[in-house]
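Report on the structure given below.
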Amino acid sequence: MIKVNGLYHSYSKDENFAVKNVNFEISKGEVFGFLGPSGAGKSTTQGVLTGLLPIQKGEVEVVGYDIRHPKREMFNKIGVSFEQSNVYGKLTALENLEFYRKLFDVETMNSMDLLKWVGLDHVANKKAGEFSKGMKHRLTFIRSMLNNPELWFLDEPTTGLDPAIASQIKDIVKEKNKQGTTVFLTTHNMYVADELCHRVAFIIDGEIKLIDSPRNLKLQHGEKFVVVEHLENDVLKKEQLSLIIDQDKARLNEIISTGKIEMMHTKEATLEEIFIKVTGRGLE
Amino acid sequence: MRRILNFVIRDIKSGTRDWLVIYLAAAPIMFALVLKMLIPSVGDSTLNVAIYEDTPPAIVSYLETYAKVIEVNDMEERILRMDDVFGVVVNDDKVEIVTQGNEMEGTVDLLKTIVGRYQNESVELPIEVEFSDIGWVMSPMKLEGANLLIIFNTILGGMLILLNLVEEKMSNTISAINVTPTKRKEFIIGKGLLGFILTLYGGAAVITVLGFEGINYAMLFVSVFAISFIGAIIGFSIGVVSDEPISAIASMKTVFIPVLASIFGAIYLPAKWIFILYWSPFYWAYDVIKDILLVQATWGQVFMNSGIILIITALVFVGLRKRIVNGLS
């Protein structure tokens, strides 16, 4: 779906690159996360992939189109949800969607159905300028689905949303992915990336440091321990047991067999911990 | 075409929500109506004379060469009305002028001169007096005012384009349009069309309200269409880099300087100095529209002036192209 080879981009058109030597490929049906702190080069990469920024150096192919010679019909196949809501404040939610719907050459989704998906149907005829930040964000999000995109670019899709709405958005992404939509997700939210992505790329200072699945990363970088809290003679005890050492494995079996476990969890690393370990920097 | 119409409909919807389109559509009509109210006051300098039915035909015929003559039964009632109408009453060989006393300054002296000339027709004058025609075939206020309003409308059209683009910049919606199959020319035509329509409509409104008759509408359409481009380009060049309407309008208002300089220059400059206005497309528009309103224009003149306007506009576009393209990215 996406092939990027040796991508460089400089806003000042000099050697001060915002992204440098970026290489990756995304297969059809994959959810690919671009994970990095603010200013790492995530939006710049997405800008080049969506044609909003000119390609300066490198090769980029998106949905079969060479981005050096982009064709407008390419945009019938892709959808872009922006981090900053960008809707017409003087038009109603429904009018905003209807306007965009008519810009595509392919069959589009029903605007009211989309509004229902994100709980905006009751304000369909209200001007978007009167919406809260979260409502505008949801409107921007569903607008990017109008053309049933094969490739869906999502830039920080849950940032600034309350947990219930963020969960709703994540469910929609999962559902669309199940239907075959490829997703390029740009975020600095490790939980979103962990929950949604098949693979993630860590980008920092314009360079990709690592690409792998969240599971592999956890296996590679996480510690093989289990922390168990259990009652022994009515006293709460907390133990950390290795999953490699035989003695610890036997002790774990013993605790499980007594059946007085209060809490037990593996000490796998979070994506954020892995990111810090790999890049030496945080995600904020 | 579908997408172009989509942009036009969107701009109309958005523009009517805050009355912008309504105000800009009403503006040419309002300006024309104000001008129309002023034109009769110029026409009032024409002498209006009331006479009785039994006034000798010779003096009636004489007065009709200088004044508008009306027959009345009740002279006093007619004179006392609000407008400036003088009474001329013939008693035997004497001609009397009846006034209300509040007529426009100088007009009673004019009538006295006319009546005196009739009474002293047989007297040999020591000087020879000739009457000549200065060439005005309609009120200069009507002619120049209409021309100014028609050209002024092109700036209003540009302003509409500008404000619609500022809205796009403010809400950052151009990025969203750039990730749809919309071609750049579709966006530009879609965004500019309403400005052109407003300019053409404004021109038609001015002509209709001021009651011009017998003019060639096709010539007017071609000329106004040509001059509309300059307003549109200036509207685009300011609109695509502005994300705040007040400063954008302030920038657009500076365009009134070349518009007014071109028109007043054309009116007041002696013929030998007119060449200093040749750089201005507004001068060429003024020049041809004036002749169209006077029903003196030829298609050759219309095409020549429109061609010059379009060449100057193209040069302006070349200068502003990079700014416009960057602003649309």
Side-chain angles (χ1 to χ4, degrees), chain A residues 43 46-47 49-54 62-63 65 70-92 94-106 108 126-131 136 139-144 146-147 149 151-155, chain B residues 1-24 160-191 193-194 239-240 243-245 322 324-329:
Chain A
S43 297
Q46 180 171 312
L49 298 185
T50 52
L52 290 174
L53 289 173
V62 175
V63 287
Y65 291 89
K71 294 204 164 53
R72 297 310 300 176
E73 63 257 31
M74 176 182 96
F75 293 99
N76 284 316
K77 294 182 176 180
I78 71 171
V80 182
S81 177
F82 296 86
E83 181 183 4
Q84 302 292 333
S85 308
N86 51 356
V87 293
Y88 294 110
K90 289 190 228 166
L91 300 190
T92 66
L94 188 60
E95 285 169 343
N96 263 286
L97 295 182
E98 285 297 299
F99 166 71
Y100 275 93
R101 203 171 63 76
K102 290 171 190 162
L103 298 178
F104 292 99
D105 304 315
V106 290
T108 50
K126 190 176 174 181
K127 283 184 198 168
E130 295 165 15
F131 279 12
K136 280 184 193 166
L139 185 56
T140 305
F141 175 77
I142 53 171
R143 187 185 63 197
S144 66
L146 273 167
N147 55 327
L151 174 60
W152 198 10
F153 289 93
L154 299 175
D155 194 353
Chain B
M1 195 61 195
R2 169 175 50 88
R3 279 191 276 263
I4 290 170
L5 280 177
N6 197 25
F7 284 116
V8 173
I9 291 165
R10 193 222 74 85
D11 284 350
I12 291 173
K13 267 185 196 166
S14 185
T16 48
R17 297 279 151 87
D18 58 5
W19 297 86
L20 173 71
V21 169
I22 311 287
Y23 288 143
L24 289 174
L160 182 62
I161 294 169
L162 167 127
L163 289 170
N164 280 322
L165 283 168
V166 169
E167 187 194 352
E168 299 273 0
K169 293 296 281 186
M170 278 172 74
S171 50
N172 196 26
T173 39
I174 291 181
S175 308
I177 289 165
N178 283 342
V179 291
T180 69
T182 307
K183 294 181 180 76
R184 181 156 288 170
K185 68 180 175 194
E186 289 174 326
F187 179 75
I188 290 172
I189 296 170
K191 280 286 164 190
L193 198 57
L194 203 54
V240 294
D243 50 14
E244 202 272 309
K322 199 173 176 186
I324 293 172
V325 170
N326 286 343
L328 290 175
S329 296

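Remember, it's a predicted structure, so these values are computed and weren't measured experimentally. Naming: A, B, ... by sequence-line order, numbering from 1 per chain.
Between A/F99 and B/F7, the ring planes are perpendicular. Angles over 60° get that label, and only those under 30° would be called parallel.
Under the 4.0 Å criterion applied to side-chain N and carboxylate O atoms, B/R10 and A/E95 are not assigned as salt-bridge partners.
Residues meeting the side chain to side chain contact (heavy atoms under 4.5 Å, CB included) test with B/I188, sequence neighbours left out: B/R184, B/F236, B/L328. Every residue two or more places apart in sequence or in another chain was checked for a side-chain hydrogen bond (donor to acceptor under 3.5 Å, both in side chains) with A/K127, and none qualifies.
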For residues 74-82 of chain A, tabulate all N or O donor-acceptor pairs below 3.5 Å that involve a side-chain atom, not counting sequence neighbours.
unit_1	atom_1	unit_2	atom_2	d
A/N76	OD1	A/D105	N	3.0
A/N76	ND2	A/D105	OD2	3.3

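Contact check for A/S144 versus A/W152: side-chain heavy atoms found under the 4.5 Å cut-off. No side-chain heavy atom of B/P181 sits under 4.5 Å from any side-chain heavy atom of A/K71.
Only the side chain of A/L52 comes within less than 4.5 Å of a heavy atom of chain B; its backbone N, CA, C and O stay farther away. If you measure heavy-atom distances from A/V106 to chain B, you find no contacts under 4.5 Å at all.
Note on A/T140, A/N147, A/N86: by heavy-atom pairs under 4.5 Å with chain B, the leading option is A/N86.
Using a 4.5 Å heavy-atom cut-off against chain A, the contacting residues of residues 170-179 of chain B are B/S171, B/N172, B/T173, B/S175, B/A176, B/I177, B/N178, B/V179.
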